[in-house]
Amino acid sequence: MQPRDLSGHAVYQAGRGVEEVARELGLDPDDLVKLASNENPFGPSPVAVEAIREAAGSANSYPKASHADLAEKLADRWDVASEQVWLANGGDGVLDYLSRAMLAPDDRVLVPDPGFAYYGMSARYHHGDVREYTVSKADDFALTADAVLDDYDGERVVYLTSPHNPTGGRFDLDAVETIATETDEQTLVVVDEAYGEFADAPSAVDLLDERDDVAVVRTFSKVYGLAGVRLGYGVVPAEWADAYARVNTPFAASEIACRAGLAALDDDEHAEKTVETAAWAREYISKHLEARTWESHANFVLVEVGDASAVAEELQHRGVIVRDCTSFGLPECVRVTCGTEAETERAVSELAEVLADREEERTDHEEEVSG
Ligand SMILES: *Cc1c(COP(=O)(O)O)cnc(C)c1O
């Protein structure tokens with residue numbers, strides 16, 4: 001007995017966890033600074049934590065009222081109908097629902113390279129074929145309509161990440177609109193705004209009034225600090241919003257998740273602190289490292305370090321975990337998540353030392369060779 005041929009399916013490579021690294025290095029998890037997975041350094045909103053505690057007692061019930069209430073609350077926020085809000089098990093769950101709703105076997109999708117791995121994974125699970133468009137480093141990872149359209153060839157779904165992971169750049173809404181207009185009528189443009197709250201820019205949800213070929217993905221994992229409960233949502237055009245009822249896993253988001261989400265949406269203070277600290281940290285990281293960085297609109301900064309795997313490893317021994325971007329196809333870069341002020345300062349000073357040590361070794365070596 002064997003599963004179907006899964007050789008074309010990649011395994012998702014998550015950032016490394018604190019416990020995992022602490023155990024491996026024999027360190028105390030409390031001494032580690034984890035800036036590898038773009039999680040919220042302040043933890044979940046305390047209001048959401050309280051809601052989770054309270055919801056524990058009703059964990060025996062299927063989530064019905066809470067699911068409906070959350071969809072409605074989000075619909076109010078975005079000024080859409082509640083049917084247009086597709087709740088799911090994380091933003092990743094939304095990507096799956098969109099694949100289920102859009103893809104027939106052998107349909108092609110267009111994903112960014114470098115980019116978030118799950119777009120292609122989800123498409124493959126749904127028997128789709130994956131093509132890539134290049135987000136070119138030579139072009140400073142600029143996210144333009146041309147970068148996408150140059151590689152577009154009638155794919156059924158085109159994925160845009162804005163702000164982009166792992167580079168931090170973003171698409172202007174004009175570019176999104178151009179892409180949606182220039183692609184076929186039956187091509188859906190998915191705008192993944194997992195980091196949307198960190199960007200000082202309008203959401204592509206604004207385009208849904210006029211268009212039926214753009215869908216937006218959002219998550220509670222990042223700014224709301226609820227990555228562990230798994231909660232995300234799509235905002236889709238009214239024209240085909242009813243497809244949700246035909247593709248969703250029953251009770252797509254848990255009672256605990258829905259209650260946490262409802263509470264988190266009311267905690268503006270936590271969200272604002274998170275966004276402000278990320279903005280401070282982005283600037284701090286770029287300013288205080290003598291390494292190339294790219295302007296970020298998210299809660300992380302991409303840093304060119306030479307040999308990312310070696311640098312990430314050395315940093316880890318110093319108790320700082322960052323994301324080696326080799327699996328993104330950028331073996332010379334690490335991605336550093338914005339931490340609290342103290343975490344960010346520590347990460348930057350350790351990284352600066354690692355880079356300085358390596359530079360010194362390199363010049364010593366060069367002198368030896370030429371000397
Ligand atoms: C984190 C992230 C998501 C969503 O993650 P979930 O935890 O599944 O909500 C989606 N897209 C990108 C680009 C991300 O970085």
Side-chain angles (χ1 to χ4, degrees), residues 10 12-17 34-41 43-44 48 70 74 85-99 109-123 125 132-133 135 141 143 157-171 176 189-199 203-204 215-235 248-249 252-254 256-258 260-261 264-265 274 278 296-302 322-323 325 327-330 333-338:
Y12 183 79
Q13 300 197 22
R16 305 199 65 203
K34 189 196 171 196
L35 301 175
S37 297
N38 303 339
E39 290 150 332
N40 190 315
L70 180 56
L74 288 166
V85 177
W86 289 19
L87 294 180
N89 188 51
D92 296 346
V94 180
L95 294 169
D96 280 339
Y97 290 161
L98 291 170
S99 299
V109 305
L110 191 65
V111 307
D113 172 35
F116 189 57
Y118 199 69
Y119 308 135
M121 292 168 69
S122 178
Y125 298 150
E132 293 177 335
Y133 64 89
V135 178
F141 302 115
L143 296 166
V157 183
V158 174
Y159 297 88
L160 312 180
T161 320
S162 187
H164 190 74
N165 181 6
T167 65
R170 66 176 178 81
F171 283 94
V176 177
V189 177
V190 173
V191 187
D192 180 349
E193 296 182 343
Y195 303 97
E197 292 86 351
F198 295 101
S203 166
V216 177
V217 177
R218 289 254 168 174
T219 178
F220 283 82
S221 293
K222 309 283 159 59
V223 80
Y224 294 111
L226 293 171
V229 310
R230 314 301 304 129
L231 181 64
Y233 61 98
V235 186
N248 83 328
T249 306
S254 78
I256 309 278
C258 291
L265 288 175
T274 303
S296 170
H297 301 273
N299 66 340
F300 54 81
V301 176
L302 187 71
V322 299
R323 177 68 190 256
C325 289
S327 72
F328 282 99
L330 296 172
C333 293
V334 297
R335 191 191 64 195
V336 182
T337 300
C338 298

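The model shown is predicted, which means the values in this text are computed figures rather than measured ones. Start at 1 and go down the list; that is how both ligands and their atoms are numbered.
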| Charged N to carboxylate O below 4.0 Å: is that the case for R230 and D92? |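 Counted as a salt bridge, because a side-chain N and a carboxylate O are separated by less than 4.0 Å.
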| query | Should the pair K222-E197 be classified as a salt bridge under the 4.0 Å nitrogen-to-oxygen rule? | reply |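 So K222 does not pair with E197 through a salt bridge.
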Could you list, one pair per line, each nitrogen or oxygen of ligand 1 together with any protein nitrogen or oxygen closer than 3.5 Å, giving atom names and the distance rounded to 0.1 Å?
residue: ligand 1; atom: 7 (O); partner: S221; partner atom: OG; Å: 2.6
residue: ligand 1; atom: 7 (O); partner: R230; partner atom: NH1; Å: 2.7
residue: ligand 1; atom: 7 (O); partner: R230; partner atom: NH2; Å: 3.4
residue: ligand 1; atom: 8 (O); partner: G91; partner atom: N; Å: 3.2
residue: ligand 1; atom: 8 (O); partner: D92; partner atom: N; Å: 3.0
residue: ligand 1; atom: 8 (O); partner: D92; partner atom: OD1; Å: 3.3
residue: ligand 1; atom: 8 (O); partner: D92; partner atom: OD2; Å: 3.2
residue: ligand 1; atom: 8 (O); partner: R230; partner atom: NH2; Å: 2.7
residue: ligand 1; atom: 9 (O); partner: G91; partner atom: N; Å: 2.6
residue: ligand 1; atom: 9 (O); partner: T219; partner atom: OG1; Å: 2.5
residue: ligand 1; atom: 9 (O); partner: S221; partner atom: OG; Å: 3.2
residue: ligand 1; atom: 11 (N); partner: D192; partner atom: OD1; Å: 3.4
residue: ligand 1; atom: 11 (N); partner: D192; partner atom: OD2; Å: 2.5
residue: ligand 1; atom: 15 (O); partner: N165; partner atom: ND2; Å: 3.0
residue: ligand 1; atom: 15 (O); partner: Y195; partner atom: OH; Å: 2.6
residue: ligand 1; atom: 15 (O); partner: K222; partner atom: NZ; Å: 3.1

| said: Less than 4.5 Å apart, side chain to side chain, heavy atoms only: is that true for V223 and F198? | reply: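 They are in side-chain contact.
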| said: Walk me through whether Y224 and N40 qualify under side-chain contact (heavy atoms from CB on, under 4.5 Å). | reply: CA-CA 7 Å; Y224 294 111; N40 190 315; over 6 Å; no
| Lys NZ or Arg CZ of R218 over Y233 ring: under 6.0 Å, within 45° |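 Output no; distance or angle outside limits.
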| Interatomic spacing from CG in L143 to OG1 in T161 - rounded to 0.5 Å |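 It is 8.0 Å, given to the nearest 0.5 Å.
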